[in-house]
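One structure is given below, encoded as structure tokens.
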Amino acid sequence: MKNPTVRLCAAAPAVSARLALLPLALSAFTLPALAQTASSAPVLLAALNPLKETVVTATRTEQPLADLVADVSIIDRETIENSGLGGLADVLARLPGVEMSRNGGPGATTSLFLRGAETRFTAVYIDGVRVDSQSTGGAAWESIPLGLIDRIEVLRGPAGAVYGSDAIGGVVQIFTKKGEGAPQPTVGVGLGSLRSTHAEASLSGSQNGIDYALGVQNNTSLGFNARTVATANPDRDGYRSNSGYARLGAQLNRDHRLEATLLASNMNSGYDASLKADDRNMHRLYAAGLNWMARWSDTYTSRVSVTESSDHYTTQPSPYQTTTRLRGYLWQNNWKIGLASVSAALERKEDHLVNSPIDRSRSQDALALGYGLRLGEHTLQLNVRHDRDSEFGAHNTGSVAYGYAITPAWRATASAGTAFRAPTLYQRFSEYGLASLQPETSRNLEVGLRYQQGGSLFGVVVYQNKVSNLINFGGAGACRSPFGCYANTGRAEYSGVTFTGEQRVASVLLRGSLDVQDPKDLTTNKQLARRARQHGTLGAETRYGQWLLGAEAQWSGRRYDNAANTVTLGGYTLFNLRASTEIAPDWKLLARVDNLADKSYQFANTYANAGRQLYVGLLWSPRR
């Protein structure tokens with residue numbers, strides 16, 4: 001297990017802890033898709049022109065937003081550029097239904113909760129490459145470099161019938177840039193509070209059937225003291241991060257394309273586990289993929305993918321090391337039959353963990369089938385998936401989603417689906433583990449209603465996701481450790497209502513969302529740790545001369561830091577401002593102030609957050 005002081009605190013706060021895809025998105029969503037436009041922090045992001053926007057996360061195939069019956073948000077490149085010096089989780093936490101927890105600054109251990117679900121219940125992909133940890137479970141959000149990302153799609157709600165294990169709470173798909181047209185260089189630099197620096201450079205383009213995109217990024221920060229207790233080192237806990245990506249494609253002819261992708265990052269960040277030591281986290285991540293996309297006819301396409309990722313984590317001076325390696329093989333087939341779409345996919349996943357004395361592997365083979373139909377006002381999506389785990393045997397998941405256009409402006413949706421998460425290799429084979437642990441399973445129901453006309457968009461979605469066989473870390477039991485064991489002892493329910501809206505008033509574009517939820521441990525009837533019953537955002541954006549100006553408020557209610565609900569984390573409201581303008585042809589200046597009121601607040605007990613922060617950046621990107 002990762003250093004308990006560093007990792008467990010955020011990864012399991014309260015309830016501790018080759019080819020397939022299917023065309024549907026499991027949940028149903030009132031706003032079939034909220035596409036973020038130029039705003040950097042609005043909580044609610046709406047598709048102003050949904051007919052021209054497509055997504056792939058809902059069904060793992062490209063699909064128009066207008067055809068979705070799933071709860072999807074999109075974050076574009078401009079939003080990322082305007083985000084300042086925060087991490088990936090900071091940007092995601094401005095979306096509806098998303099909360100975060102972190103042990104200090106952007107380089108520290110980070111958890112993300114989709115609709116209140118544990119961080120390990122979100123399946124994460126980078127250019128189609130699965131990223132996960134077989135020690136604590138879930139992606140290491142702090143090690144994914146925000147500045148190299150071109151686009152993010154977030155699917156809220158279970159998607160086990162599409163993605164197999166892990167997608168109990170939702171799916172986050174991260175995409176790097178694809179090269180197009182004449183060579184396009186980009187260089188960006190930035191300075192911020194706490195002696196923070198940002199530098200990036202990239203080049204992309206295409207010629208004679210070959211497209212390319214590559215980039216590098218460096219971030220550093222002196223940081224601040226992450227701990228608020230006298231028993232921890234009062235030094236500053238800064239970080240430095242180096243990362244890069246490359247994406248190369250070859251259009252062999254009109255119908256066949258080969259593509260290779262690679263993203264790698266190296267994060268070194270400070271944390272406090274003792275009084276005198278300069279404790280450091282070292283996190284190395286890479287994700288690589290090779291894809292062959294083929295169009296065999298006007299009605300039949302296929303995709304073959306081979307992928308690998310590695311998550312390597314160490315700490316100093318206290319010795320701890322763990323490495324997760326994931327491999328994936330996918331063969332996906334899609335047919336267009338009249339108004340219907342049909343998919344069939346074979347997928348193999350291989351997981352390997354080295355965490356002394358553990359050196360174990362497992363595999364999952366799957367068959368996934370999907371059927372989608374859009375007929376007039378009606379939209380139907382069906383998915384089933386059969387996974388066979390080398391340890392647990394067979395596991396079946398399914399989903400059904402239906403949408404009905406009541407009028408051109410009003411649309412209702414409903415869905416039901418199941419999902420599961422296989423226990424990590426650490427949870428089964430460490431001294432705290434039990435080989436007999438069973439997968440965590442969930443059943444989800446949701447309904448939604450959406451209104452969209454002109455510049456107005458409003459929606460509401462109601463959901464209930466019940467999880468059984470929840471793996472908790474509890475007291476001494478059948479494992480080897482006298483300090484506690486993992487066990488399938490829990491049940492949880494993630495239920496709530498998400499309201500979203502967008503409205504233009506004169507020259508001001510208003511966006512907002514409100515989540516009212518009840519993330520609950522059904523065994524103890526306690527509120528799950530580090531998740532609020534209410535949270536929301538409100539954003540405004542307008543143009544003033546050559547400037548694009550934006551403001552936002554992020555609000556969260558009271559949370560608890562522990563499963564017993566005896567340690568309270570107070571609610572907070574943060575105010576953020578941003579501005580950007582072209583100061584010359586090809587040159588863009590952007591500025592951002594986060595936590596304008598210098599609010600003191602905590603995501604985790606005894607862990608501080610930064611106060612008021614200023615960031616100023618300059619971006620050079622010649623026009624073609």
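Classification of E347 and R385 as a salt-bridged pair holds, one side-chain N sitting under 4.0 Å from a carboxylate O. A salt bridge links R120 with E440; the closest basic N to acidic carboxylate O contact falls under 4.0 Å. Electrostatic pairing of D150 and K178 does not count as a salt bridge here, judged by no charged N lying under 4.0 Å from a carboxylate O.
Listed by chain and number, the residues in a ring pair (Phe, Tyr, Trp, His ring centres under 6.0 Å) with Y125 are Y163 (sequence neighbours excluded). E493 pairs by the side chain to side chain contact (heavy atoms under 4.5 Å, CB included) definition with Q464, K466, S495, L522, not counting sequence neighbours. R151 meets the salt bridge (charged side-chain N to carboxylate O under 4.0 Å, His left out) test with E53, E153; sequence neighbours excluded. Not counting sequence neighbours, the partners of Y601 by the ring pair (Phe, Tyr, Trp, His ring centres under 6.0 Å) test are Y572, F603. Residues satisfying the salt bridge (charged side-chain N to carboxylate O under 4.0 Å, His left out) test with R130, not counting sequence neighbours, are D166, D351. Residues meeting the ring pair (Phe, Tyr, Trp, His ring centres under 6.0 Å) test with H395, sequence neighbours left out: F420. For R77, the salt bridge (charged side-chain N to carboxylate O under 4.0 Å, His left out) test picks out E81, E200, with sequence neighbours left out. Taking K526 as the reference, nothing meets the salt bridge (charged side-chain N to carboxylate O under 4.0 Å, His left out) condition, with sequence neighbours excluded. Scanning for side chain to side chain contact (heavy atoms under 4.5 Å, CB included) contacts around N488 gives L437, Q438, N469, I471, with sequence neighbours left out. By the side chain to side chain contact (heavy atoms under 4.5 Å, CB included) test, S468 is found to be paired with T441, residues two or more places apart in sequence or in another chain being considered. In this structure R388 satisfies the side-chain hydrogen bond (donor to acceptor under 3.5 Å, both in side chains) test with no other residue, sequence neighbours excluded.
Side chains of D127 and T176: a donor on one and an acceptor on the other come within 3.5 Å. Checked by atom type, the side-chain pair S73/R156 shows a donor-acceptor distance below 3.5 Å. Using a 3.5 Å distance cut-off with no hydrogens or angles, the side chains of T307 and S305 do not pair a donor with an acceptor. The closest side-chain donor-acceptor pair between R94 and S83, if any, does not fall under 3.5 angstrom.
For the residue pair W141 and T110, the shortest heavy atom distance occurs at CD1-O, 3.7 Å. For the pair S302 and N333, the tightest heavy-atom approach, listed with the atom from each and the gap, is CB-OD1, 3.8 Å.
Under a 3.5 Å cut-off, the side chain of N565 and the backbone N or O of Q527 do form a donor-acceptor pair. Remark: the backbone N or O of L457 is not paired with any side-chain donor or acceptor of R450 at under 3.5 angstrom. E350 contributes no side-chain N or O that, together with a main-chain N or O of R362, makes up a donor-acceptor pair within less than 3.5 Å. Looking at S310, its side chain never comes within 3.5 Å of a backbone N or O of R325 through a donor-acceptor pair. Between the N444 side chain and the G157 main chain, no donor and acceptor come within less than 3.5 Å of each other.
With a 4.5 Å cut-off on side-chain heavy atoms, L514 and W555 count as touching.
Ring geometry for Y494 versus F121: interplanar angle over 60°, hence perpendicular rather than tilted (30 to 60°).
For residues 367-381, the pairs satisfying salt bridge (charged side-chain N to carboxylate O under 4.0 Å, His left out) are D67-R374, with sequence neighbours left out.
The structure places CG of L367 at 9.5 Å from CG of D387, a figure rounded to the nearest 0.5 Å. Remark: L263 CG to L148 CG distance equals 5.5 Å, nearest 0.5 Å. Here the straight-line distance linking atom CG of L95 with atom CG of D71 works out to 10.0 Å at 0.5 Å rounding. To the nearest 0.5 Å, atom CZ of residue R530 and atom CG of residue L528 are 12.5 Å apart. With rounding to the nearest 0.5 Å, the separation of CZ in R443 from OG1 in T397 is 11.5 Å.
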Checklist entry - Where do S456 and Q503 land on the side-chain hydrogen bond (donor to acceptor under 3.5 Å, both in side chains) test, with the steps shown first? => result CA-CA 5 Å; S456 301; Q503 179 66 55; 2.6 Å; yes

Next on the checklist: If you apply the rule side-chain hydrogen bond (donor to acceptor under 3.5 Å, both in side chains), what do you find for D311 with H283, and how did you get there?
Outcome noted: CA-CA 7 Å; D311 179 294; H283 220 137; 3.2 Å; yes

Checklist entry - Checking salt bridge (charged side-chain N to carboxylate O under 4.0 Å, His left out) for the pair D90/R102: CA distance, chi angles, key distance, verdict? => result CA-CA 10 Å; D90 295 271; R102 187 166 60 202; 2.7 Å; yes

